[in-house]
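Predicted, not measured: the structure shown is a model, and the values here were computed from it.
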Amino acid sequence: MMTLETTVASPSRIGLDLIAVAEGAPLELDLRLESVSEGVLVTGTVSGPTSGECARCLQPITGEVEIELTELFAYPDSTTDETTDADELHRVRHEGGSESVDLEQPIIDAVAMALPFSPVCGPDCAGLCPECGVPLAAAGPDHHHEQIDPRWAKLASLREQGDTEPREQGGDDS
């Protein structure tokens, strides 16, 4: 068994369109590597800072992501290696007489799955005004736009024309 506590730079931007761990951001690794019968079992936590924008109001947001990592890296020629497709399992690599595991892809996958698809700056974020695009939190409670239902727009224009034209008196007064 071996433990690994270190901080590494994120190799690339990890995440989604609206929120991610930036390239070069510090990732804190607190991992335990154990030799098991079929390979090397890696368990532990990975954490790092996130940045992005709110899905409702587009304001910048920052945060932290922490994932629990559990990944088996199969030994070459083990039963697990022989019975599992190449793209379903990570493998221990032999390079220059030593064995190594590549944690980059498992960490990228786990971080991306842990991030929210639609991050928000707060649970009560009102978003943007659909008419003018102003953040509703900054617009105030009296922010509104005069809107006429398109189905009634023609009648509203007739009403406006009627206000400027004299009304005719019609009908029979009998």
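- Considering CD of E28 and CD of E64, their distance stands at 7.0 Å, rounded to 0.5 Å.
- Note that CD of E71 and CG of L33 are 11.5 Å apart. Values are rounded to the nearest 0.5 Å.
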Margin query: Working note: T45 + I67, criterion side-chain contact (heavy atoms from CB on, under 4.5 Å); need CA distance, chi angles, decisive distance, verdict.
Written below: CA-CA 6 Å; T45 60; I67 57 152; over 6 Å; no
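- A distance of 8.5 Å separates CD of E104 from OG of S10, quoted to the nearest 0.5 Å.
- With a 4.5 Å cut-off on side-chain heavy atoms, H143 and L136 count as touching.
- Proximity of P60 to S51: side-chain heavy atoms (C-beta onward) are nowhere separated by under 4.5 Å.
- Residues L4 and F73 share a hydrophobic cluster, clusters being chains of Ile/Leu/Val/Met/Phe/Trp/Tyr side chains in contact below 4.5 Å.
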Note to self: Could you walk me through whether V8 and L29 satisfy the side-chain contact (heavy atoms from CB on, under 4.5 Å) test, starting with their C-alpha distance in whole Å, then the side-chain angles of each, then the deciding distance to 0.1 Å, before giving a yes or no?
What the structure shows: CA-CA 8 Å; V8 297; L29 308 177; 4.0 Å; yes
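- Between the side chain of R56 and the backbone N or O of C125, at least one donor-acceptor pair lies under 3.5 Å.
- Inspection of the Y75 and S37 side chains reveals no N or O donor paired with an N or O acceptor under 3.5 Å.
- Note on L18: it does not cluster hydrophobically with L115, by side-chain heavy-atom contacts below 4.5 Å among ILVMFWY residues.
- The main-chain N or O of L16 is found under 3.5 Å from a side-chain atom of R13 such that the two form a donor-acceptor pair.
- G24 approaches A9 most closely through the heavy-atom pair O-CB, 3.9 Å.
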Next item on the list: Report the C-alpha distance between V36 and L72 in whole Å, list the side-chain angles of each, state the deciding distance to 0.1 Å, and finish with yes or no for side-chain contact (heavy atoms from CB on, under 4.5 Å).
Entry: CA-CA 9 Å; V36 294; L72 176 65; 3.8 Å; yes
Next item on the list: Step by step, work out the side-chain contact (heavy atoms from CB on, under 4.5 Å) result for L31 and T43.
Entry: CA-CA 6 Å; L31 303 173; T43 58; over 6 Å; no
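- Note: T6 OG1 to D30 CG = 10.5 Å, rounded to the nearest 0.5 Å.
- In this structure, E23 and P11 approach most closely via the heavy-atom pair OE2-O, 3.7 Å.
- A114 and V65 get closest at one heavy-atom pair: CB-CG2, 3.9 Å.
- In this structure, L27 CG and L103 CG are separated by 11.5 Å, a value rounded to the nearest 0.5 Å.
- From M2, atom CE reaches atom CZ of R32 across 13.0 Å, with rounding to the nearest 0.5 Å.
- When every heavy atom of I108 is checked against every heavy atom of I14, the shortest pair comes out as O-CG2, 3.8 Å.
- A110 and L69 get closest at one heavy-atom pair: CB-CD1, 4.4 Å.
- Contact annotation: the side chain of C54 never approaches that of P119 to less than 4.5 Å [non-hydrogen atoms, C-beta and beyond].
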